Amino acid sequence: MKIGIVLYPTFGGSGIVATELGKALAVKGHEIHFITYSQPVKLGELRKNVFYHEVVPSDYPLFEYTPYEQVLTSKLVDVVKYEKLDVLHVHYAIPHASAAYMAKQILQTQGIKIPFITTLHGTDITLVGKDPSFEPVITFSINQSDIVTAVSENLKLETNQLFKIQKNIQVVPNFINIEEYQMNQNQYYKNRYAPNGEKIICHVSNFRKVKRIGDVIKTFNVVAEKIKTKLILVGDGPERNQLERQARKSKFNKHIYFLGNLKSTKEVLNISDLFLLPSSKESFGLAALEAMACKVPVVATNTGGIPEVVENEYSGFLSEVGNIEKMATNCLTILSKEDNLKVFKSNAFKTAQKYDIEQILPKYEMLYDQLVN
Ligand code: GMT
């Protein structure tokens with residue numbers, strides 16, 4: 001099948017899921033056309049059956065705001081028509097679903113049929129989407145999608161609560177290529193960050209307010225009072241400066257490392273003992289799944305779709321948003337006894353296996369089949 005995948009190319013989870021999905025479909029023999037405004041982070045090498053089409057917005061001086069959606073729509077029309085695509089799969093509602101709808105209408109006038117699937121990822125609904133300046137367009141483009149999927153039951157529920165959705169939203173959870181996350185611990189880095197056998201706590205995100213990374217540092221401060229621990233923060237974003245200031249005030253500042261964005265997180269995750277995800281909202285929590293794929297248990301908040309991904313008291317612990325004491329106690333329960341840590345590590349991996357790409361990919365293939373045939 002020839003599939004066009006529209007995505008955000010940056011470090012966000014939606015872009016990562018879309019890229020990995022396309023790569024895996026290409027391995028299975030489908031022809032994949034990625035369409036976005038710059039090279040997706042996880043793409044780049046020459047791959048069989050993979051093509052990349054860059055959307056280049058015009059810089060005509062009349063435009064105060066570059067009309068990305070129109071340029072994307074024109075690109076979709078072009079790629080569908082000349083590459084003879086069978087289906088479009090757009091990740092993130094804004095503006096991808098509305099651009100796909102528009103492209104579909106244009107192509108229809110030329111006698112070309114192109115169905116599209118919209119996958120909702122979370123922030124497009126719970127943060128940006130409910131903003132009144134987007135709401136009518138989102139409601140319309142979700143309802144006009146041929147198939148709509150959401151990455152968790154919770155996101156499905158919230159979408160139905162926030163918008164007037166007439167379509168049945170199908171839940172297809174995010175996934176991970178477990179095999180790709182397996183590697184031996186890099187001893188150089190283990191010794192570099194934990195030279196005296198300290199436990200390593202890790203957090204990976206895009207450093208936005210919703211991630212509450214301040215709570216990571218606060219929780220770490222409590223844990224570090226009790227056991228020798230290091231904190232590694234991976235990622236970058238608007239909150240970073242303020243977080244660095246917060247870390248500098250901590251008594252344990254010299255045990256906190258800000259690494260910035262990394263193309264691949266598996267090296268860091270594989271030397272970590274625990275992953276902290278104290279977000280105020282998370283439709284799924286792909287970062288937690290990546291950690292569990294590296295046998296790292298997760299201490300997180302019981303918000304959004306996280307309880308569907310992290311099993312409380314099994315692959316980690318869940319507690320209320322902002323409850324630092326509880327999160328610190330949970331970290332200590334996992335980290336202070338080697339036996340406990342071993343059990344949680346093994347459980348985390350078992351949980352991650354349920355989300356292996358092998359389990360999830362056929363679900364998307366079935367949906368494509370449904371539309372094309
Ligand atoms: O919040 C992020 O990390 C970025 C955001 C995105 O749009 O890429 O992530 C959302 O989609 C991910 C992939 O489906 C989910 O794992 C994240 O939970 C979700 N983020 C939120 O809901 C805040």
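Heavy atoms only: backbone and side chains are in, while hydrogens, waters and symmetry mates are out. Numbering of residues begins at 1 and proceeds along the displayed sequence. Source: prediction; values computed, not measured. Counting convention: from 1, in listed order, for ligands and their atoms alike.
- Ser14 N, 2.7 Å is the protein heavy atom nearest to atom 8 (O) of ligand 1.
- For the ligand labelled ligand 1, residue Tyr8 lies outside the 4.0 Å heavy-atom shell.
- Scored by the salt bridge (charged side-chain N to carboxylate O under 4.0 Å, His left out) test, Asp236 finds Arg240 as partners (sequence neighbours excluded).
- Protein heavy atom at the shortest distance from atom 22 (O) of ligand 1 is Ser283 N, 2.8 Å.
- Looking at Ile16 against ligand 1, nothing comes within 4.0 Å, counting heavy atoms.
- Among residues at least two apart or in separate chains, salt bridge (Lys or Arg N to Asp or Glu O under 4.0 Å) pairs with a member in residues 25-41 are Lys2-Glu31, Lys28-Glu365.
- In the candidate list Lys281, His121, Glu282, His121 is nearest to atom 14 (O) of ligand 1, counting heavy atoms.
- Protein heavy atom at the shortest distance from atom 1 (O) of ligand 1 is Lys211 NZ, 2.9 Å.
- Ranking the protein heavy atoms by distance from atom 9 (O) of ligand 1 puts Gly13 N, 4.2 Å first.
- For atom 7 (O) of ligand 1, the closest non-hydrogen atom on the protein side is Thr123 OG1, 3.0 Å.
- Cluster membership for Ile106 and Val137, using ILVMFWY side-chain heavy atoms within less than 4.5 angstrom, is not shared.
- Both tests pass for Lys295 against the ring of Phe349: distance under 6.0 Å to the centre and angle within 45° of the axis.
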